[in-house]
Number of protein chains: 2
Amino acid sequence: MQRNYICSEPSTSDRRPIVSRRDQLCDAGLDVLAAKGLRGLTHRAVDAAAGLPAGACSNVFRTRAALLEGLAERVFERLTPDLAELEAEAAAEPTRDQWVHLMQQLVRRVRAQPHLQLALLELRIESTRRPELVDPLTAVVRAAFDADVAFHERAGLAGGPEEIVLLHLAIGGLITDVLTLPDALPLDDVDGIIERLVDRLVFVGSAEQVGS
Amino acid sequence: MQRNYICSEPSTSDRRPIVSRRDQLCDAGLDVLAAKGLRGLTHRAVDAAAGLPAGACSNVFRTRAALLEGLAERVFERLTPDLAELEAEAAAEPTRDQWVHLMQQLVRRVRAQPHLQLALLELRIESTRRPELVDPLTAVVRAAFDADVAFHERAGLAGGPEEIVLLHLAIGGLITDVLTLPDALPLDDVDGIIERLVDRLVFVGSAEQVGS
DNA sequence: TTGCGAGCACTACACTCGTAGTGGTGGAGG
DNA sequence: CCTCCACCACTACGAGTGTAGTGCTCGCAA
């Protein structure tokens with residue numbers, strides 16, 4: 001049952017489109033998860049969301065635990081490539097402005113399509129009660145963190161992983177607040193908030209204030 | 001149905017201990033919520049957790065929506081007094097060390113008794129789908145924020161609410177990470193992380209580094 | 001003391017869910 | 001061409017859930 005978290009895909013379409021079927025169901029499941037929550041996430045609801053006949057989800061994921069595990073792995077598959085290409089995109093010459101822009105775009109994308117992040121958040125909470133979810137979800141978060149550390153190192157900036165942790169915590173909190181209770185804190189100028197977070201958490205100790 | 005979010009308690013035990021009954025059920029409900037998630041939160045489960053006969057919860061909260069709303073309000077009731085007394089405790093002479101200590105104790109308490117925060121997080125996500133939960137939950141978060149702003153102002157520190165927002169986001173992210181995926185990011189030295197967050201997010205612009 | 005009504009324990013019922021089983025089908029291997 | 005088997009659509013069933021109804025009980029007003 002252990003799946004390889006480092007770019008799986010057993011070979012190039014090893015057999016029948018069973019993978020495609022699995023992914024189709026998982027994507028539908030993630031939509032259901034964001035739309036109706038863990039309570040609304042049932043085999044039949046996933047069938048309906050995927051436009052498949054009743055029982056399809058139940059055939060692939062025999063138990064509910066298996067379905068949740070599948071969703072957790074799918075979150076990793078869908079979120080990690082994003083991070084890789086985002087990093088590659090900014091690989092040219094990392095600057096402070098690049099940092100800010102990167103984070104702003106990240107948050108902007110999350111706000112435009114909140115369902116994946118909401119599903120991830122929900123699965124994170126569920127991992128408190130289902131240990132089998134911890135590994136795939138940890139992989140998601142760690143992949144994002146590692147990408148940022150690499151970016152930081154390539155930029156030749158002062159500080160190390162300890163500084164990036166701070167930024168990650170803050171951006172994570174920002175995303176949670178923006179998605180779940182946008183009116184609780186004064187979050188009108190999200191871009192400005194991100195800018196200040198990057199400056200204060202990442203660019204302290206290195207050259208004073210680069211860029212605008 | 002609108003409840004007063006500013007220290008309710010209609011009078012001094014206005015009648016029968018109906019309030020007590022309600023609170024008893026809500027507290028049990030919050031425990032269930034943290035232990036089994038929104039999916040495991042059922043009328044009968046709350047009955048069992050409260051040690052009351054079957055139907056007790058169903059009698060007070062006729063529908064599931066009413067139960068969730070009751071839980072959201074109870075979270076506010078239980079979390080806000082904490083903040084008030086915490087603030088009062090540190091009211092003497094606010095310093096940078098007080099800030100750090102305050103946040104460290106907050107996180108320490110959350111880690112020691114995670115069920116309330118987990119329940120709050122779960123309700124926050126649910127508020128995405130149930131608008132009636134937004135108001136009471138927003139009140140919780142805003143109360144904590146306001147307390148911190150007051151603390152900051154009393155300290156006569158530079159900066160204003162904009163700085164506190166940053167700290168709130170970061171601490172919120174820290175709590176989420178510590179509770180849900182403690183091994184994803186390197187969070188061994190939580191106290192040190194908090195210290196750095198306070199220094200960089202709140203004490204920038206004011207007197208350079210006060211205290212140890 | 002008597003009557004009343006609020007809150008309570010208990011129950012009923014229709015509905016959905018998780019899970020597993022069954023038969024059919026279509027394509028690959030011999 | 002035949003055989004076999006993985007995959008799929010469909011169904012069955014017990015358990016649990018949301019919700020509402022029915023009397024009982026006990027403290028207070030008259």
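Hydrogens, waters and symmetry mates are skipped; everything else that's a heavy atom, side chains included, is used. Reminder, nothing fancy here: chain letters follow the sequence lines and each chain counts from 1.
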Taking atom [atom2] of [N] as reference, at what distance in whole Å does atom [atom1] of [X] sit?
| X | N | atom1 | atom2 | value |
| --- | --- | --- | --- | --- |
| A/L25 | D/dA9 | CG | C1' | 13 Å |
| A/L67 | C/dT19 | CG | C1' | 13 Å |
| B/L68 | D/dT19 | CG | P | 10 Å |
| B/R62 | D/dT19 | CZ | C1' | 7 Å |
| A/R64 | C/dA20 | CZ | C1' | 17 Å |

Sorted by number, residues from residues 26-45 of chain B placing a heavy atom under 4.0 Å from DNA chain C are B/R39, B/R44
Residues of residues 46-60 of chain A with a heavy atom under 4.0 Å from any atom of DNA chain C, listed by number, are A/S58, A/N59
Atom [atom1] of [X] and atom [atom2] of [Y]: how far apart are they, to the nearest 0.5 Å?
| X | Y | atom1 | atom2 | answer |
| --- | --- | --- | --- | --- |
| A/C57 | A/R21 | SG | CZ | 10.5 Å |
| B/R111 | B/Q117 | CZ | CD | 13.0 Å |
| A/S127 | A/E69 | OG | CD | 12.5 Å |
| B/L185 | A/R142 | CG | CZ | 8.5 Å |

Under the 3.5 angstrom rule, does the side chain of [X] hit a backbone N or O of [Y] as a donor-acceptor pair?
| X | Y | value |
| --- | --- | --- |
| A/S58 | A/G55 | no |
| B/H43 | B/F61 | yes |
| B/R64 | B/L41 | yes |

Residues at least two apart in sequence or cross-chain that pass side-chain hydrogen bond (donor to acceptor under 3.5 Å, both in side chains) with B/E126, listed by chain then number, are B/R129, B/R130
